[in-house]
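What follows is one structure encoded as structure tokens, with my remarks underneath.
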Amino acid sequence: AKAAQLHADVGFVPKAGDPTDYRLSAKLGVMMPLWTETLGISVVFADEYNNSRGAWRNEAQGLASLRLRFGRGTFSGR
């Protein structure tokens with residue numbers, strides 16, 4: 001069955017010894033098989049916030065890729 005898979009990840013990483021210094025990250029994506037179950041496409045939007053002083057605070061990016069599945073199992077691309 002050709003069904004798109006939606007996935008989301010959220011992360012929080014505090015600096016050891018200083019919980020006011022942290023990073024937040026979030027990813028939202030969709031993976032969809034193309035003409036066969038072996039070949040698929042993945043589109044992901046990712047955003048990372050860095051609370052450190054002097055660092056680039058917010059970084060957003062988009063990524064599109066082709067996925068090729070080897071062997072048995074379900075199409076996942078992860």
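Just the heavy atoms: all of them, side chains too, but no hydrogens, waters or symmetry mates, feed the values below.
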Worksheet item: Can you check whether Asp47's main-chain N or O pairs, donor with acceptor, with Asn58's side chain at less than 3.5 Å?
Response: no
Worksheet, complete the sentence: In terms of heavy-atom contacts, Ala3 and Pro33 come closest through O-CD, 3.4 Å
Response to the item:
Exactly one of Val10, Leu6, Val43 clears side chain to side chain contact (heavy atoms under 4.5 Å, CB included) with Leu28, and that residue is Leu6
Fill in: Step-by-step side chain to side chain contact (heavy atoms under 4.5 Å, CB included) determination, Arg67 to Leu34
CA-CA 9 Å; Arg67 300 288 182 150; Leu34 294 176; over 6 Å; no
Practice prompt. Ignoring hydrogens and angles, state whether a donor on the side chain of Asn51 or Arg23 is under 3.5 Å from an acceptor on the partner side chain.
Written response: no
Worksheet item: Is it true that Met32 and Leu66 fall in one hydrophobic cluster, defined by side-chain heavy atoms closer than 4.5 Å?
Response: yes
Item to complete: Enter the distance from Tyr22:OH to Asn50:CG here, rounded to the nearest 0.5 Å.
Response: 10.0 Å
